[in-house]
Amino acid sequence: MAARLLTRSQRHVDEIAARSLGYIACGPLRYQQLCWVNLMAFTSNYDESEDSSGWSVGLVSNIEAHSGYIFVVILRKGVSAVLKNISKYSHLRRGDFLNVKYRLNIHAPAHYRARHLVEDLKPAEPLAEVVKAHPKLILKTTAKVEKCRTREDNALLSNEHFGYFVDLSGLVRYERGTLVEFEFVTMASPRDRISSIFVPTRIIRRIENHEVDFDNSNRRSSKPRERTDDEFERDTRSSAVVYSDDEELASNTSNLRICSMDSTFEGRSSYCHEQDQDNEDNAKEERSRQELKKLRELAARMMNDAKLEMTKAISKPHIIGVAGGTASGKSLVTKKIIQRLANNDQRVISIQLDSFYKDVSAAQLEQVDLGEYDFDHPSAFDFDLLADVLERLIIGEPVEIPNYDILTNSRQGVRTVEPADVVIVEGILVFYDERIRQLCSTKLFVDADADIRLSRRVKKDTGERKRPLSVVLSHYVNKVKPAFEEFCLPTKRYADVIIPRGGENDVAIDLIVENLQDFFRSSEEDGQTNGKSPRPPVELKRSLSRPH
Ligand SMILES: Nc1ncnc2c1ncn2[C@@H]1O[C@H](COP(=O)(O)OP(=O)(O)O)[C@@H](O)[C@H]1O
Ligand SMILES: O=c1ccn([C@@H]2O[C@H](COP(=O)(O)O)[C@@H](O)[C@H]2O)c(=O)[nH]1
């Protein structure tokens, strides 16, 4: 089967395809074959029509329980489609192959990850059949765990074919050096929508040292033995995918644009040979070896490129959490930090935990009017959604944040927020949920005297919130104060910095901002992208924190 190098297009990249999971060509790979695949780009006028049956093969790429979405990659098109009724499809697992019917979702905004909706689905044939029917398919590979998941970073795996794999879903639980076999997809890099990153989607197994799977046929060596250094090397790059039949691509997807990384190799489609070519005469073999050498050199260059893309792809915004009791001055501190960072290059946004209040049901509205509804209890907040929003911002995706209306106690539409270099998340219980805490690189706790907070709160509730004084006071005494003591105050211990006297403490705010600016400067000097590898403001903590 003829094959060719597929790689990213520098131009004419369709937003839809670039943001969807990559369309990957694959097939059996032999040792002498060194092939590469990267995100294939589609021109914007790619064919929307389906084959006569209307069915296409899809792969479940992501199940997002929080938002209730299941994402499916349409393998023939390389586009991502969304399935919304998650409860009906609870049997689906990431990595499942399906037959799907889908249609363009004309209401999806341009940046939307899946511009298509899945309309119908049925189980697909077994994987082997799917592979036969679709020669350009995914993927599994074997790679070595390079870096384990830490609080700040995703685990990384690597092999020679693809460079790095970023474990965005926390699947990799092995220590460094372990060999893992897994399935993966390519995704458009969140930072650079043109390039792609490789993302494990399902771990198949850990490969024990004595197991040698030379030709990716899952055959075990009959006599288990230690893997030699050469074999170890080879195993980490042996099972990677990649295949495509030029003719078929040309006829089936005529407006599909496939670009070669290096024009020297473009059109030379015979580098990847089937195993039966082992019997070629010596001269031919020598030629193959030379060609292979060139391909290896090309791959090395591409790997460097991929590493660069990876660095960009895994860089994160610096997330600052600001917690504290009601009316302690969290919003004011946030506002001041944003104002002071305005002269920097960083884009700073703020997110309010208040936006993540759950809708109050009609039955509960009466409780609200009587001041008996507990808005200060953790169960009042949708922390799942907040975690999802922060995780999306971390991978550079735009997010939709509900507009919570405090007068009707309900969500009134959403606002779209673009990713930024610094994200400040602010609210009474920001440090309550462990996931949110883990995502915050810097944690500030705003402290203010309880009487001052009460007086501000009374002013706010009777003023902008239009509540009767008697209700405000009973609500404060019965709900706000006890919940502060039970849920908010204990989270003070997680803070890196405690800011006494809240928003009026300009000295503290200046120190925090200076520390952040130092951090951004040193990150840039180190050649890192903004916000990567955040460092807790240790000095600041020493100078401002007090025992708690
Ligand atoms: N240090 C301060 N001095 C005077 N007023 C303040 C101070 N800090 C906050 N306020 C006022 O108190 C109210 C509550 O402050 P805010 O920052 O909204 O608190 P939070 O976000 O913690 O609920 C606002 O009207 C704000 O202007
Ligand atoms: O519908 C609502 C939602 C929230 N509250 C109160 O708001 C504060 C939290 O906001 P801060 O800006 O931090 O004060 C919380 O104490 C809730 O009791 C509300 O009254 N009604």
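- Using modelled atom types, one finds a donor on one side chain and an acceptor on the other under 3.5 Å when comparing Gln412 with Ser410.
- Gln339 places none of its side-chain heavy atoms less than 4.5 Å from the side chain of Ile509.
- In this structure, Leu386 and Ile436 have side chains that are in contact, with non-hydrogen atoms separated by less than 4.5 Å.
- A distance of 6.5 Å separates OG of Ser331 from CD of Gln352, quoted to the nearest 0.5 Å.
- Each of Arg453, Arg501, Lys492 was scored for a salt bridge (charged side-chain N to carboxylate O under 4.0 Å, His left out) with Asp447, with one residue passing: Lys492.
- The two atoms that bring Leu353 and Val430 nearest to each other are CD2-N, 4.0 Å, heavy atoms only.
- Side-chain atoms of Asn409 and Tyr373, non-hydrogen and from C-beta on, never get closer than 4.5 Å to each other.
- Looking at Ser361 and Gln364, their side chains do bring a donor and an acceptor atom within 3.5 Å of each other.
- Scanning both residues, Ser350 and Ile338, for their nearest heavy atoms gives CB-CD1, 3.8 Å.
- Side-chain contact between Ile512 and Leu444 is present, with heavy atoms from C-beta onward closer than 4.5 Å.
- Within 6.0 Å of NZ in Lys358 there are more than 12 heavy atoms belonging to other residues, nucleotides or ligands.
- Of all heavy-atom pairs between Phe487 and Asp376, the closest is CD1-O, 4.1 Å.
- In this structure, the side-chain contact (heavy atoms from CB on, under 4.5 Å) partners of Ser379, at least two apart in sequence or on a different chain, are His377.
- Closest non-hydrogen pair, Phe375 versus Val368, comes out as CZ-CG2, 3.9 Å.
- Here the shortest heavy-atom pairing between Pro402 and Ser355 reads O-CB, 3.4 Å.
- Surrounding CZ of Arg176 are at most 12 heavy atoms belonging to other residues, nucleotides or ligands under 6.0 Å away.
- For the residue pair Arg457 / Thr326, a side-chain donor-acceptor distance below 3.5 Å is found, with atom types taken as modelled.
- Using a 4.5 Å heavy-atom cutoff, the side chains of Lys336 and Asp506 are in contact.
- For the residue pair Glu418 and Ile349, the shortest heavy atom distance occurs at O-CD1, 3.8 Å.
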